[in-house]
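Below, chains carry the letters A, B, ... as their sequence lines are ordered, and counting in each starts from 1. Keep in mind it's a predicted model, so treat the numbers as computed, not measured.
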Number of protein chains: 2
Amino acid sequence: MFSKACEYGIRAAIYIGQQSAGGRRVGLKDIAAEIDSPEAFTAKILQQLVRAQLLTSVKGPTGGFELTPEQLRTVTLRQLVVAIDGGAMLQGCALGLPQCSAQQPCPMHYQFLPIRDQLNELLRTHTIGELASKVQEGLGFLKQFS
Amino acid sequence: MFSKACEYGIRAAIYIGQQSAGGRRVGLKDIAAEIDSPEAFTAKILQQLVRAQLLTSVKGPTGGFELTPEQLRTVTLRQLVVAIDGGAMLQGCALGLPQCSAQQPCPMHYQFLPIRDQLNELLRTHTIGELASKVQEGLGFLKQFS
DNA sequence: AAATTAAAGGATAAAATTGTCCGGTATTTA
DNA sequence: TAAATACCGGACAATTTTATCCTTTAATTT
């Protein structure tokens with residue numbers, strides 16, 4: 001569905017959001033451990049998200065990553081996905097036609113459309129803050145506990 | 001959504017199906033031209049599908065690829081996708097958790113579930129023959145015409 | 001049987017994705 | 001202001017995906 005980079009990025013953002021909601025800034029090492037992702041690779045993805053202003057970073061001691069209250073409230077899953085994977089997967093044709101539309105639809109066009117619309121809606125309507133709360137309440141997990 | 005290989009594979013299968021429905025066997029060159037795909041790469045994918053018995057090939061002059069009437073009627077989009085991309089995308093967690101389930105759901109688990117179910121249902125209920133008919137009737141396209 | 005045709009299969013190459021390493025920069029604390 | 005901390009950025013490496021080429025194999029036609 002999403003790239004590895006995107007999966008890590010989303011999980012990381014939610015974890016950072018969870019901690020930010022509790023007033024805690026978190027470092028890369030902590031993040032990678034808590035979402036079970038490769039540290040250096042995660043760093044690259046977080047850099048992208050900081051540049052896209054979807055999350056905030058602070059250098060130096062006591063530094064780390066955080067989401068501002070506004071970011072917690074307004075940044076959506078969709079923004080993360082677009083920042084990392086680009087919009088192609090949220091718009092492109094399921095069979096790979098460069099221009100698939102009502103003018104020249106692929107044979108699955110009208111069947112896929114509602115599903116993709118639902119996916120878009122799903123991503124658009126869920127904020128990081130909301131998902132972070134779910135994790136905080138123990139209703140969602142960001143890695144496998146055994 | 002799907003890999004390039006899968007996109008080519010599906011488009012190729014539908015084109016072969018369309019021609020098979022008209023009693024015509026088709027060669028690789030023809031297929032690649034009609035679905036606008038790289039010839040040698042398409043050959044590899046078709047080999048996979050032949051091995052998986054989702055379509056049939058005949059060597060030598062007048063040879064080529066075809067779908068038997070039974071294959072036309074019974075082979076589903078889902079079988080193609082599984083043969084080429086594997087089942088991961090149709091089952092795996094959206095956030096990449098190795099074991100995402102009701103026991104330990106990711107924060108999007110219950111939101112994604114219905115969408116993935118719909119996707120599975122969509123793939124399961126559409127046969128190559130059905131899609132080939134749509135193309136035959138001019139209601140669907142396998143490449144961009146300008 | 002020989003020549004021709006077309007898929008099968010193996011080796012290889014290019015590109016994209018995933019992942020690592022390390023020196024540079026900014027910030028805080030002592 | 002020196003030292004320590006932690007993100008930034010660039011280069012590099014491994015893996016996977018995409019793509020090509022060429023020889024072999026099987027089948028048809030002459």
Side-chain angles (χ1 to χ4, degrees), chain A residues 1-13 15-16 19-20 24-67 81 83-86 88-89 92 96 98, chain B residues 1-13 15-16 19-20 24-33 35-67 81 83-86 88-89 92 96:
Chain A
M1 186 81 116
F2 304 122
S3 68
K4 281 282 172 202
C6 201
E7 292 175 356
Y8 297 150
I10 295 172
R11 301 219 301 272
Y15 175 68
I16 297 166
Q19 297 305 309
S20 290
R24 292 176 297 277
R25 192 180 285 160
V26 286
L28 175 61
K29 195 159 300 190
D30 186 9
I31 297 168
E34 288 300 320
I35 70 170
D36 211 6
S37 69
E39 199 175 308
F41 189 42
T42 305
K44 294 296 182 196
I45 301 159
L46 293 182
Q47 274 180 47
Q48 273 187 265
L49 297 180
V50 168
R51 275 195 293 265
Q53 302 186 22
L54 303 182
L55 49 89
T56 307
S57 69
V58 178
K59 285 186 179 179
T62 77
F65 296 90
E66 65 187 7
L67 277 91
V81 171
I84 300 172
D85 280 354
M89 125 126 235
Chain B
M1 186 80 116
F2 304 122
S3 68
K4 282 280 171 202
C6 201
E7 292 173 357
Y8 297 150
I10 294 172
R11 302 218 302 271
Y15 175 69
I16 297 166
Q19 298 304 310
S20 290
R24 292 177 295 279
R25 192 181 285 159
V26 286
L28 176 61
K29 194 159 300 188
D30 185 9
I31 296 167
I35 71 170
D36 211 7
S37 69
E39 199 175 308
F41 189 43
T42 306
K44 293 297 180 196
I45 302 159
L46 293 182
Q47 274 179 47
Q48 273 188 265
L49 297 180
V50 169
R51 275 196 292 267
Q53 303 187 21
L54 303 181
L55 50 88
T56 306
S57 70
V58 178
K59 285 185 178 180
T62 77
F65 297 89
E66 65 187 6
L67 276 91
V81 171
I84 300 172
D85 279 354
M89 125 125 237

Nucleotide C:dT17, atom C1' - distance to CD1 of A:I84 in whole Å: 14 Å
Sugar-phosphate only, base, or nothing, as touched by B:K29 at under 4.0 Å among non-hydrogen atoms: nothing
Minimum heavy-atom distance between B:S3 and B:D85, given as atom pair plus value: OG-OD1, 2.5 Å
Of A:K44 and A:G64, the one whose closest DNA chain D nucleotide lies more 5': A:G64
Closest nucleotide among C:dT28, D:dA27, D:dC21 to the B:A40 side chain: D:dC21
Short side-chain N/O contact from A:Q47 to OP1 or OP2 of D:dC7, under 4.0 Å: no
Partners meeting ring-ring contact (aromatic ring centres under 6.0 Å, His included) with B:Y8 (sequence neighbours left out): B:F41
So which protein nitrogen or oxygen atoms get under 3.5 Å of nucleotides 14-18 of chain D's nitrogens or oxygens?
residue	atom	partner	partner atom	Å
D:dT18	OP1	B:K4	N	3.0

Distance in angstrom units between A:I35 CD1 and C:dG19 P, rounded: 11 Å
All side chain to side chain donor-acceptor pair (under 3.5 Å) counterparts of B:S57, not counting sequence neighbours: none
Salt bridge (charged side-chain N to carboxylate O under 4.0 Å, His left out): pairs with one or both residues in residues 48-66 of chain A, sequence neighbours excluded: A:R25-A:E66
Side chain to side chain donor-acceptor pair (under 3.5 Å) involving A:S37 - partner list, sequence neighbours excluded: A:T42
Atom-pair distance (CG on A:L46; P on D:dC7), nearest Å: 9 Å
Atom-pair distance (CD1 on B:I45; C1' on D:dT20), nearest Å: 13 Å
Residue-level proximity of residues 51-59 of chain A to DNA chain D when a heavy atom falls under 4.0 Å: A:R51, A:S57, A:V58, A:K59
Partner residues of B:D36 under the side chain to side chain donor-acceptor pair (under 3.5 Å) criterion, sequence neighbours left out: none
B:K4: salt bridge (charged side-chain N to carboxylate O under 4.0 Å, His left out) partners, not counting sequence neighbours: B:E7
Nearest-Å distance for atom pair CD/P, residues B:Q48 and D:dA19: 14 Å
Closest nucleotide among D:dC7, D:dC21, C:dC21 to the A:F65 side chain: D:dC7
Sugar-phosphate, base or nothing in reach of B:L28, heavy atoms under 4.0 Å: sugar-phosphate
Of the listed nucleotides D:dT29, D:dC21, C:dT29, the one nearest the side chain of A:T62: C:dT29
All side chain to side chain donor-acceptor pair (under 3.5 Å) counterparts of A:T56, not counting sequence neighbours: A:Q71
Contact summary for A:G9 and A:L49, nearest pair of heavy atoms: O-CD1, 4.1 Å
Separation of atom CD in A:E7 from atom P in C:dT18, rounded to whole Å: 9 Å
Whole-Å distance separating the CE atom of A:M89 from the C1' atom of C:dT17: 17 Å
Atom-pair distance (CD on A:E66; P on D:dC7), nearest Å: 12 Å
No-H, no-angle donor-acceptor pair, A:E39 side chain to C:dG19 base, under 3.5 Å: no
Between CD1 on residue A:I31 and CZ on residue A:F65, distance to nearest 0.5 Å: 5.5 Å
